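Note that this is a predicted model, so its numbers are computed, not measured.
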Amino acid sequence: MKLITTLGLALSAAALTLPLAAHAEWQPKGPITMMIGFAAGGAVDSQARLMAEELEARKGWKVIPEAVVGKGGVVLAARLAKAPADGTAVGLIVSEAVGYNMLAEKAPGYTEKDFTFLTTTVGTEMGIVARSSKGWKTLADVTAAMKKGQAVSFGAASQKLADGAYLLGKTQGVKFNIVSLKGGKAVLDAITAGDIDIGWVAGIQAKGIASGDLVNLASGEATRLKMSPNVPTVKELGLDIDFGIYFMFIAPKGLPAEARDALSNAMKEIINDPTSKTNGFITKTFGPAVTLSGAELERFVVGELVSSKKMLEDASK
């Protein structure tokens, strides 16, 4: 009887211990450098810094945000590709950095195969925006004015969006004066200040649209914008390109599965938690969070590369 009792206790102890050992939580070997490929003070920079704070608070990991800007995320990606693949280096980029922007660079210093994709945070509401005081309701109003001789400047914060403005002009029979700016906030600020006439803005125009100060002239997404459902998509205007993007966290290639899962799951937990500051900021600024990860995210990246190659060829003609 004593033997049975002792054996039973031993088995019970093992049953309690083994699952805990098998699920011991991954811990980084040191501080995590979180590279941010966006201008300081902007909306995406803010969401990254909130994520860093909440990862520290929930997981106890030391996370150090660091701005690494330039070339639409290409500068960050080139540096991150050479960082240790042990979970101590991650980056927040726009999906174009491993798509169109990468392909447009002659020597970016990396390929999409140099990364482990962790999770997206949110998609966009990419619109072509103008001040309401311009009097334009849709892009057709803009092109009609241009055909009467009015010059129109078009702000773009990435190579893909600049080339997209060029291709859109070709389909409409006009030629925009394309102005390259650093970040969507810079484009929106330039529109608001009257420095440019129209520009691509990825969702942060929502407040201005709601107040009536701004107007979406067309949707750059595959579907019409939730905030302006009455304006057409660029596809409806003859340009069959989806300019919608995702903001996403990535890490260097070769990240162990344990570290990948720990980082990805911790980020998704925060992004999708309606009580988290990160979720609140994303929802207020961009709309509902979107967390693509694993095979689903990898398929998105592959699809973007295919469409980007075709668009780049068209823009080069």
Side-chain angles (χ1 to χ4, degrees), residues 19-70 73 75-95 97-98 114-123 183 185 203-204 246-294 297:
L20 289 175
H23 293 89
E25 189 166 324
W26 172 83
Q27 294 291 330
K29 295 179 180 178
I32 299 172
T33 298
M34 179 183 284
M35 301 180 195
I36 306 169
F38 302 86
V44 187
D45 176 71
S46 296
Q47 68 163 287
R49 291 177 187 277
L50 287 171
M51 173 65 78
E53 289 178 11
E54 293 192 294
L55 284 174
E56 283 197 3
R58 296 190 182 201
K59 297 296 180 181
W61 303 336
K62 180 66 176 176
V63 183
I64 303 172
E66 179 183 355
V68 184
V69 300
V75 172
L76 184 154
R79 178 173 160 186
L80 185 64
K82 298 174 183 175
D86 59 3
T88 60
V90 298
L92 178 59
I93 60 168
V94 65
S95 52
V98 287
D114 288 322
F115 303 104
T116 300
F117 298 97
L118 299 175
T119 181
T120 61
T121 65
V122 68
K185 185 175 185 300
I204 56 174
Y246 286 107
F247 301 108
M248 64 169 71
F249 281 102
I250 62 174
K253 180 183 71 174
L255 186 68
E258 184 184 25
R260 178 201 63 203
D261 292 345
L263 286 163
S264 178
N265 291 337
M267 290 173 173
K268 288 192 292 184
E269 176 187 302
I270 291 169
I271 295 165
N272 291 319
D273 180 357
T275 69
S276 77
K277 293 180 180 177
T278 305
N279 175 279
F281 181 82
I282 287 173
T283 303
K284 180 180 178 181
T285 308
F286 297 98
V290 180
T291 50
L292 304 181
S293 62
L297 180 53

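In this structure a side-chain-to-backbone donor-acceptor pair under 3.5 Å is missing from Ser293 to Thr119. The backbone N or O of Leu292 sits less than 3.5 Å from a side-chain atom of Thr120, completing a donor-acceptor pair.
Here the closest non-hydrogen pair linking Met34 and Ala48 is SD-O, 3.4 Å.
Under 3.5 Å, the side chains of Glu54 and Thr278 contain a donor-acceptor pair of N or O atoms. Side-chain contact, Trp61 with Gln27: a donor N or O sits under 3.5 Å from an acceptor N or O. Side-chain atoms of Gln47 and Thr285 include no donor-acceptor pair closer than 3.5 Å.
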Practice task
Using the salt bridge (Lys or Arg N to Asp or Glu O under 4.0 Å) rule, take Lys185 and Asp45 through it: C-alpha gap first, then chi angles, then the decisive distance, then the call.
Solution key: CA-CA 11 Å; Lys185 185 175 185 300; Asp45 176 71; over 6 Å; no

- Test Val75 against Val69 for side-chain contact (heavy atoms from CB on, under 4.5 Å), laying out the working first. CA-CA 6 Å; Val75 172; Val69 300; over 6 Å; no

- Query: Could you walk me through whether Phe247 and Phe286 pass the ring-ring contact (aromatic ring centres under 6.0 Å, His included) check?
  - Reply: CA-CA 11 Å; Phe247 301 108; Phe286 297 98; 5.4 Å; yes

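The shortest side-chain heavy-atom distance between Val98 and Phe115 falls under the 4.5 Å cut-off. Using a 4.5 Å heavy-atom threshold, the side chains of Arg58 and Asp273 count as touching. Met248 has its side chain within reach of Ile93: a pair of non-hydrogen atoms, C-beta onward, lies under 4.5 Å apart.
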